[in-house]
2 protein chains.
Amino acid sequence: MPSGEPTIRDVAARAGVSKSLVSLALQNSSRVAPGTRQTIRRAAEELGYRPNAIARTLGAHRSRTIGVFVLDLHNPIYVDILDGVQAEAHRLDYRTIVVVGSSDRRAERAELDKLMEFRVEGLVTVGHRLPAGAGTAISESCPAVLVGAEPRLPPHLVSVSTDDIRGSALAIDHLVALGHSAITHVTGGNNSVARKRERGYVQAMERHGLQARIRCIPGGFTDERGYQGTIAALGGDEPPTALFVANDFAAIGALAAAADRGLEVPRDLSVIGYDGTRLSGLRSIGLTTVAQPLKEMGVAAATQLCSRLDTGQEGTRRIRMSPGLLVRTSTGPPPRHAGVSEARDRPRAAVSTTHPA
Amino acid sequence: MPSGEPTIRDVAARAGVSKSLVSLALQNSSRVAPGTRQTIRRAAEELGYRPNAIARTLGAHRSRTIGVFVLDLHNPIYVDILDGVQAEAHRLDYRTIVVVGSSDRRAERAELDKLMEFRVEGLVTVGHRLPAGAGTAISESCPAVLVGAEPRLPPHLVSVSTDDIRGSALAIDHLVALGHSAITHVTGGNNSVARKRERGYVQAMERHGLQARIRCIPGGFTDERGYQGTIAALGGDEPPTALFVANDFAAIGALAAAADRGLEVPRDLSVIGYDGTRLSGLRSIGLTTVAQPLKEMGVAAATQLCSRLDTGQEGTRRIRMSPGLLVRTSTGPPPRHAGVSEARDRPRAAVSTTHPA
DNA sequence: CTGAAAGCGCTTACAG
DNA sequence: CTGAAAGCGCTTACAG
């Protein structure tokens with residue numbers, strides 16, 4: 001804390017008024033005369049005065065700061081959500097302090113504790129799980145909104161999420177419209193989000209009268225899990241013509257698996273992901289995917305939290321956003337012979353890929 | 001700012017001592033009797049006392065907080081660096097407040113101003129450029145360390161970077177050892193980092209007696225730029241057998257371009273990137289790349305800054321870390337006929353890729 | 001419209 | 001080893 005910084009007292013001296021008036025003027029209070037305000041503003045400017053947020057917080061009994069817990073900054077979808085949260089919070093004149101999740105629960109808990117020492121007024125959590133020690137942090141006194149996680153919500157919590165049932169439906173409808181019926185789902189594992197997407201898949205298949213073709217292969221949310229799940233999915237005796245994979249990372253793994261099995265995408269196999277990450281849009285990937293309105297989700301979370309802090313009123317409990325479909329080049333009509341056996345029998349050597357295994 | 005929180009005064013009352021003593025005890029001062037300390041600690045615990053960092057900062061005249069400016073959280077290398085900065089800062093018992101760069105310079109400047117209102121004691125910037133308005137923020141009173149950017153440094157600044165000359169040399173040596181001589185560089189554009197890598201390429205080529213083969217094609221640090229640069233590089237009359245691309249993103253674009261041109265990697269063309277992002281290690285990408293010790297760079301930055309804040313002593317001015325080579329599957333020996341004309345003449349239809357354009 | 005005063009929750013000399 | 005007091009830089013009733 002550099003001590004040479006000018007304070008409100010210096011500004012007051014230079015403007016020839018009291019500290020109170022400086023404070024008021026700098027808050028744009030209508031209770032100070034226009035001329036005085038001018039003088040004060042100018043004095044502040046000349047001095048290079050910068051308000052001390054710390055002192056203000058202590059004096060005003062509120063920090064106008066919210067904490068943002070982000071599970072993992074290496075997951076681009078969380079970063080997109082964070083962008084939205086920050087943009088909106090700053091627009092509403094709230095500061096943000098972000099704390100990043102950690103595989104070390106103790107460390108994570110410690111970080112969250114430090115966050116609370118800043119006396120944040122509220123918390124938004126971004127990720128598929130709550131922060132460690134959330135119980136003590138997210139007390140009644142600290143309203144919170146959860147993005148991308150929907151546990152049983154205590155009354156002071158709000159959740160923002162995408163309608164994953166609908167998202168899965170979008171994917172399956174697209175595939176069915178293309179002519180597919182042997183559509184296998186490589187799941188995202190055993191968390192609430194993955195289960196939602198799986199449920200959506202099952203419902204959509206049933207709706208299309210395809211209950212007999214329902215196949216769920218255990219996967220996960222990583223490249224590697226998607227790869228393995230796909231290898232397994234392709235190994236059955238009725239190989240699918242299309243794969244609905246639980247997220248983009250896993251779907252990218254699925255593309256690698258298809259290549260390794262000598263399948264050309266989308267000629268021999270269509271692949272569709274979920275999330276709409278920028279990664280999936282990379283030229284060398286071109287993944288068709290279900291896009292979540294990530295930034296909007298972040299914005300909605302901040303809007304909820306801040307308006308609640310400003311008005312003291314509780315808003316909606318759950319906000320569910322609509323996903324969209326991003327059609328790129330990894331999906332197409334099924335092979336005519338409604339199976340992939342021929343493709344699989346082609347000699348490996350004839351198949352060339354940019355990404356040899 | 002929730003007001004129901006217990007304060008030091010409540011703890012003092014419960015422990016039957018003065019506020020001063022509570023403060024001292026909680027700081028583990030040796031000036032308080034062991035028994036008293038016990039009593040105080042217990043009282044604090046029972047009350048669920050949480051120190052108020054805001055008040056402490058104001059009272060102690062220092063915040064033990066550093067600001068971290070990160071240019072872009074969508075760039076995974078910056079996230080890795082950030083991980084290192086945070087881990088080390090927290091280990092040294094400093095708090096961090098991160099502010100994210102923005103394409104809107106005005107907004108970025110405003111964010112940085114707000115950061116300074118928190119009275120951070122120092123700043124680390126992560127990214128290839130300084131934050132907007134850095135001039136006013138990074139004053140003499142606020143020591144800063146720059147990671148990944150090396151402008152002419154005013155005396156109170158420190159920089160941490162990778163030895164890019166050496167990194168380029170690593171890449172070229174690898175390619176030459178594989179038998180390549182027609183090695184083209186797709187540059188990262190016109191920033192200081194890109195120029196360094198380019199210089200390293202030129203020097204390495206000369207060292208190998210390959211000055212006649214030096215070709216620099218303007219590119220950039222994005223997927224798209226890498227794609228375009230590669231298309232251009234492949235269009236010349238003496239097409240290269242290997243491409244050294246300025247970073248991983250661009251190299252991934254290069255892979256796409258190679259696929260579009262009907263070239264198999266690494267059989268017809270070797271591609272090497274730079275940075276060592278996780279992305280480049282994805283199964284479907286498998287890019288050989290020059291890895292920067294990203295997390296270590298972040299750690300070094302925090303170490304420098306915090307020790308300087310603690311001791312008041314200035315340390316090293318420039319810290320340069322050593323890159324390493326990550327050999328994966330995108331590099332191999334050149335085609336025997338030392339050119340790619342045959343491969344390029346193969347009919348497109350015979351070439352199958354997982355990632356159609 | 002303006003000022004003097006109290007207070008926010010800590011820390012830190014200063015006495016004892 | 002312990003306590004009373006001043007102070008950090010603001011804000012906010014409260015008077016005027």
Side-chain angles (χ1 to χ4, degrees), chain A residues 1-41 43-44 47-65 95 114 116-121, chain B residues 1-41 43-44 47-65 95 114 116-121:
Chain A
M1 205 165 170
S3 47
E5 294 272 323
T7 76
I8 206 180
R9 158 174 258 120
D10 300 314
V11 178
R14 179 175 254 263
V17 298
S18 70
K19 283 179 356 184
S20 323
L21 215 41
V22 174
S23 176
L24 256 16
L26 263 22
Q27 293 174 72
N28 275 321
S29 163
S30 58
R31 290 163 50 208
V32 21
T36 317
R37 178 182 329 208
Q38 273 305 323
T39 320
I40 293 175
R41 285 208 164 297
L47 254 33
Y49 170 75
R50 230 176 332 201
N52 183 329
I54 298 296
R56 180 191 303 141
T57 293
L58 200 58
H61 306 294
R62 58 172 304 192
S63 61
R64 286 202 81 83
T65 302
R95 285 179 201 74
K114 282 196 189 165
M116 299 318 288
E117 293 180 7
F118 273 108
R119 294 303 189 259
V120 295
E121 299 182 25
Chain B
M1 201 158 172
S3 48
E5 295 272 322
T7 75
I8 206 180
R9 156 174 259 121
D10 300 313
V11 178
R14 179 175 253 263
V17 297
S18 70
K19 284 179 353 183
S20 324
L21 216 41
V22 173
S23 176
L24 258 16
L26 263 23
Q27 293 175 71
N28 275 320
S29 162
S30 58
R31 289 163 51 207
V32 21
T36 317
R37 177 184 330 212
Q38 274 303 322
T39 320
I40 292 175
R41 287 208 162 293
L47 253 33
Y49 171 75
R50 230 179 328 204
N52 183 329
I54 298 295
R56 180 188 304 140
T57 293
L58 200 58
H61 305 293
R62 59 172 304 190
S63 61
R64 286 203 80 85
T65 302
R95 285 180 201 73
K114 282 196 189 164
M116 299 317 289
E117 292 181 7
F118 273 110
R119 294 303 188 260
V120 295
E121 299 182 25

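Below, read A as the first sequence line, B as the second, and so on, with proteins coming before strands; counting in each chain starts at 1.
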Inset, instruction - Represent DNA chain D in dot-bracket notation, 5' to 3'. Only Watson-Crick or G-U wobble pairs with both distances under 3.5 Å count; pseudoknot-style crossings use [ ] and interstrand partners use |. - result: |||.||||||||.|||
Legend entry - Distance, rounded to the nearest Å, where B/Leu58 contributes CG and D/dC10 contributes P: 9 Å
Inset, instruction - Respond yes when some side-chain nitrogen or oxygen of A/Ser18 is under 4.0 Å from OP1 or OP2 of C/dG3, and no when none is. - result: yes
Inset, instruction - State, yes or no, whether a side-chain contact exists between A/Arg95 and B/Glu117 at a heavy-atom distance under 4.5 Å. - result: yes
Legend entry - Student check: side-chain heavy atoms of A/Asp10 and A/Glu5 closer than 4.5 Å: no
Inset, instruction - Using atom CZ of B/Phe118 as one end and atom C1' of D/dC10 as the other, report the distance to the nearest whole Å. - result: 15 Å
Inset, instruction - Quick one: which residue pairs count as a salt bridge (Lys or Arg N to Asp or Glu O under 4.0 Å) with a foot in residues 13-22 of chain A, not counting sequence neighbours? - result: A/Arg14-A/Glu46
Legend entry - Heavy-atom side-chain proximity of B/Arg37 to B/Asn28 below 4.5 angstrom: yes
Inset, instruction - Specify the separation, in whole Å, of atom CG of B/Asn52 and atom C1' of C/dC8. - result: 9 Å
Inset, instruction - Write down the distance between CZ (B/Arg37) and P (D/dC1), rounded to a whole number of angstrom. - result: 9 Å
Legend entry - Between C/dC10 (C1') and B/Arg62 (CZ): distance, integer Å: 15 Å
Inset, instruction - Mind running side-chain contact (heavy atoms from CB on, under 4.5 Å) on A/Asn52 and A/Thr7 for me, showing each step along the way? - result: CA-CA 8 Å; A/Asn52 183 329; A/Thr7 76; over 6 Å; no
Inset, instruction - Evaluate the side-chain contact (heavy atoms from CB on, under 4.5 Å) criterion for residues B/Leu26 and B/Arg41: first the C-alpha distance (whole Å), next the side-chain angles of each, then the deciding distance (0.1 Å), finally the verdict. - result: CA-CA 7 Å; B/Leu26 263 23; B/Arg41 287 208 162 293; 3.9 Å; yes
Inset, instruction - Would you mind reading off the distance between B/Arg9 atom CZ and D/dA4 atom P, rounded to a whole angstrom? - result: 11 Å
Legend entry - Atom-to-atom span, CG of A/Leu21 to C1' of D/dG16 - whole angstrom: 14 Å
With the criterion being N/O to N/O and under 3.5 Å, what pairs connect the protein with nucleotides 11-14 of chain C, and how long is each?
from	atom 1	to	atom 2	distance (Å)
C/dT11	OP1	B/Arg56	NE	3.3
C/dT11	OP2	B/Ser23	OG	2.3
C/dT12	OP2	B/Gln27	OE1	3.4

Inset, instruction - Begin from the C-alpha positions of A/Val22 and A/Arg9 and carry the test side-chain contact (heavy atoms from CB on, under 4.5 Å) through to its verdict. - result: CA-CA 8 Å; A/Val22 174; A/Arg9 158 174 258 120; over 6 Å; no
Inset, instruction - Could you state the atom-to-atom distance from CZ of A/Arg64 to C1' of C/dC8 in whole Å? - result: 18 Å
Legend entry - Residue mapping more 5' on DNA chain D - nearest nucleotide basis, A/Tyr49 or B/Thr36: B/Thr36
Inset, instruction - For residues A/Glu121 and A/Thr57, determine if any side-chain heavy atom of one lies less than 4.5 Å from a side-chain heavy atom of the other. - result: no
Inset, instruction - From the options D/dC1, C/dC10, C/dG3, select the nucleotide whose nearest atom is closest to the side chain of A/Val17. - result: C/dG3
Inset, instruction - Decide side-chain contact (heavy atoms from CB on, under 4.5 Å) for B/Val17 and B/Thr39; before the verdict, give the C-alpha distance in whole Å, the side-chain angles of both, and the deciding distance to 0.1 Å. - result: CA-CA 9 Å; B/Val17 297; B/Thr39 320; over 6 Å; no
